[in-house]
Participant: 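So that we are looking at the same thing, I have put the structure below in structure tokens.
Numbers restart at 1 for each chain; the letters A, B, ... are given by sequence-line order, proteins then strands.
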Number of protein chains: 2
Amino acid sequence: MKVAKQSSEKKLTLIDVAVAAGVSAITVSRVINQPEKVSEALRHQVQKAIDMLGYIPNQYASSLASSKSKVIGVAIPSLSNTVFTDVLRGIYDVMGTAGYKVLLVDTHYSPLEEEKMIRTLLSQAPEALIITGGDQTKTCQNLLQKARVPVVQIMEILSQPLDMNVGFSHWQAGYDVATHLLSEGYARVGFIGARMDQRVQQRMQGFKKALEDAGKLWKNFIVTSPEPSSIEMGGELFKSLLASTNGVVDAVFCANDDLALGALFESQRMNINVPGDLALCGFNDIEAARFVNPSLTSVQVGRYEMGVKAAEMVINRLNGKMDEPKIVDMGYQIKKRQSTTN
Amino acid sequence: MKVAKQSSEKKLTLIDVAVAAGVSAITVSRVINQPEKVSEALRHQVQKAIDMLGYIPNQYASSLASSKSKVIGVAIPSLSNTVFTDVLRGIYDVMGTAGYKVLLVDTHYSPLEEEKMIRTLLSQAPEALIITGGDQTKTCQNLLQKARVPVVQIMEILSQPLDMNVGFSHWQAGYDVATHLLSEGYARVGFIGARMDQRVQQRMQGFKKALEDAGKLWKNFIVTSPEPSSIEMGGELFKSLLASTNGVVDAVFCANDDLALGALFESQRMNINVPGDLALCGFNDIEAARFVNPSLTSVQVGRYEMGVKAAEMVINRLNGKMDEPKIVDMGYQIKKRQSTTN
DNA sequence: CTGATAAATGATAGCGCAATCATTCATCTT
DNA sequence: AAGATGAATGATTGCGCTATCATTTATCAG
């Protein structure tokens, strides 16, 4: 084995390794990509050269030559929302194991930004995309169509998915929460929501429908804000709701657990007893919901599992399994806890 | 302008656009990358063709030809920890604006996995890397060295950074928290910690040193677990601490806010009054710390800003500004709240 | 109006790798 | 032992783009 200069200035290529190992370039390529096609002796010899030189393949050259990028593009609306990062973990865990890289972008809840970001993703020639929800711009949908790339839309069930779809019905979840609160005997049920993205809107619509069906929907029992959701915002919205209802509200469905915690903490400060005076229900079932006092009724969603499922769907598709279902409803579960115990 | 078939099967290349626009390929390339070098008339003509065809450049070919990837690699230990996703947001916001893509990997707190992941990152020929902490394997350090890529280590100040470094001293923060608790009159101060990564270890060491200096360090007042940190774990560790100290502990420094919340919620369930019977201090100052009742003393760190700073350091370096400081201490601030009010 | 300079555009080559096809060599069959 | 088969290895070519240098066209001084 010839020994090349250790501290060469220019970057190492396959050929450097090939020379060092005394084989041809393509053999080195095979050792890296299809080791079973190379005899054991040569394989070791080449591997030794690779390790010695610290060679790292240039993925760009590889992708260009093979038109396989091993990249999956993922677009989520926010990096600071555990709802999305939980899903992300599922995606990363599966994709990592399967040898795919994840190129992640943050759309900041904006379809226009999403369009820009998806352009970026597409320029990396991803083998598939996982994107959030269904409110892409028309241009963006065209781009995706044209790219002929498998796409999974996650987080919610869509009526007309672009391709594959994993999620659950936020409308139904909202409907069920309202029904649950009514069945527990609460009669003046309010709603607080922030950010008001498509999914929150749907939860609210479902919620409103259930109350309407029961003849218990009043406009002043709904308080929302376009601002980002947060614990602090939950407290604010809760106070607004109390004001707009003159304090007669007896249960509040909060669009997510952060808002619910904010409402809970605020009501503690106001000496409003939960659940004695007021019931609270959150959404997402983050860890705090289980452990706060009183524990918080919430809607559990298999977020990690949703990420796993989306990733698996992508991988199946890439492996040519076309017979898998294209739409998967992950469902949800209302976790009844102390905060709605009448 | 010639019009190409709209729904061609094969993917579009520069040349397709060039033909459609009636110019040479390189001119199209210039319109995309250095528009100021092309006359306005041609520029519009080409742009029209690009839009019409829905052309998206192949980044792999571009990167291979120009050896500029416009990719920044980022490695963090966990995707489900807000501490890291906050930093990430800062990185994404700056990098996105500057036209860089972020390739993110999750090392699951394991140096071995980190080594593997950094190999992956390097194979994408990133222009720089942002990695977490300083406990890379030797092999990994060699890889990084050899790659001659700017590296920023974030989250903590290291004695021997590989290259650039942004963070703060966890040791000092731990020392200061202990000092603060002692100065508030607490005399039997305990510590609970989970996961016990390098940064938690350092906080604990600083904490222990301060107690030792004050002659108030006892082994049974320190309870840790290698398991992941969580609210639930905080409750468990808190109960263990009570057991191992026979309940005489009068203040607890929790290695992070999740643990602190767990301890707080658990003490509420045990009818231990905070801060009346027991003081609690967290770390990281997540939003809940400000709003929970009693509000939780914690250590505030500019995580988003840390991400921004790291990204800016990278960009400055890539733009040839070599005179910037290589080590930036972001500092921290102890936020004194109700939970440690004697 | 000539030549010089700058601005705009084009032709060519090569980035580092893997697909493809060709070749060599070992093993087996009858 | 000759031929057949398959495994192991290699030579060539091109992926889609940009760097480089060459060429053309516009602009201007004297």
Participant: Output the rounded distance in Å from NZ (Lys37(B)) to P (dT24(D)).
Facilitator: 20 Å
Participant: Measuring to OP1 and OP2 of dC15(C), would you say a side-chain N or O of Ser63(B) lies under 4.0 angstrom away?
Facilitator: no
Participant: Hey, is CD1 on Ile15(A) packed in by over 12 heavy atoms from elsewhere, all under 6.0 Å?
Facilitator: no
Participant: Looking for any heavy atom pair under 4.0 Å, which part of the strands does Ser67(A) touch: base, sugar-phosphate only, or nothing?
Facilitator: nothing
Participant: Between Thr27(A) and dT9(D), does any side-chain N or O lie under 4.0 Å from OP1 or OP2?
Facilitator: no
Participant: Quick one: on DNA chain C, does Val38(B) or Ala61(B) contact a more 5' nucleotide (nearest heavy atom)?
Facilitator: Val38(B)
Participant: Separation of Glu40(A) atom CD from dT9(D) atom C1', in whole Å?
Facilitator: 17 Å
Participant: If you count every heavy atom of other residues, nucleotides or ligands that lies below 6.0 Å from Lys70(B) atom NZ, does the total exceed 12?
Facilitator: yes
Participant: Run the salt-bridge test on Arg89(B) and Asp86(B) with the 4.0 Å N-O cut-off and return the result as yes or no.
Facilitator: yes
Participant: Using heavy atoms to find the nearest nucleotide of DNA chain D for Ser66(A) and Ala25(A) separately, return the residue whose nucleotide is more 5′.
Facilitator: Ala25(A)
Participant: Can you find a side chain N or O atom of Tyr60(A) that sits less than 4.0 Å from OP1 or OP2 on dT18(D)?
Facilitator: no
Participant: Is there a side-chain polar atom (N or O) of Asn58(B) under 4.0 Å from OP1 or OP2 of dC15(D)?
Facilitator: no
Participant: Ignoring backbone atoms, establish whether Ser62(B) has a side-chain N or O less than 4.0 Å from OP1 or OP2 of dG16(D).
Facilitator: no
Participant: Calculate the interatomic distance between Ile15(B) atom CD1 and dC17(D) atom P; express it in whole Å.
Facilitator: 8 Å
Participant: Could you work out which one of dA18(C), dT9(D), dC17(D) sits closest to the side chain of Asn33(A)?
Facilitator: dA18(C)
Participant: At less than 4.0 Å, is any side-chain N or O atom of Ser29(B) found next to OP1 or OP2 of dT18(D)? Yes or no.
Facilitator: yes
Participant: Separation of Glu36(A) atom CD from dA8(D) atom C1', in whole Å?
Facilitator: 12 Å
Participant: Ile26(B) side chain: which of dG10(C), dG16(D), dA18(C) is closest?
Facilitator: dG10(C)
Participant: Once you round it to whole Å, what is the distance between C1' of dC15(C) and CD of Gln59(A)?
Facilitator: 15 Å
Participant: On DNA chain C, nearest-nucleotide positions of Pro57(A) versus Leu42(B): which is more 5'?
Facilitator: Leu42(B)
Participant: Atom NZ of Lys68(A) to atom C1' of dC15(D): distance rounded to whole Å?
Facilitator: 13 Å
Participant: Parallel, tilted or perpendicular: which one describes the rings of Phe84(B) and Tyr109(B), with boundaries at 30° and 60°?
Facilitator: perpendicular
Participant: When you measure from the side chain of Ser63(A) to the backbone of Lys68(A), do you find a donor-acceptor pair of N or O atoms at a distance under 3.5 Å?
Facilitator: yes
Participant: Given atom CG of Leu64(A) and atom C1' of dA18(C), what is their separation to the nearest angstrom?
Facilitator: 10 Å
Participant: In whole Å, I'd like the distance from the CZ atom of Arg30(B) to the P atom of dA8(C).
Facilitator: 11 Å
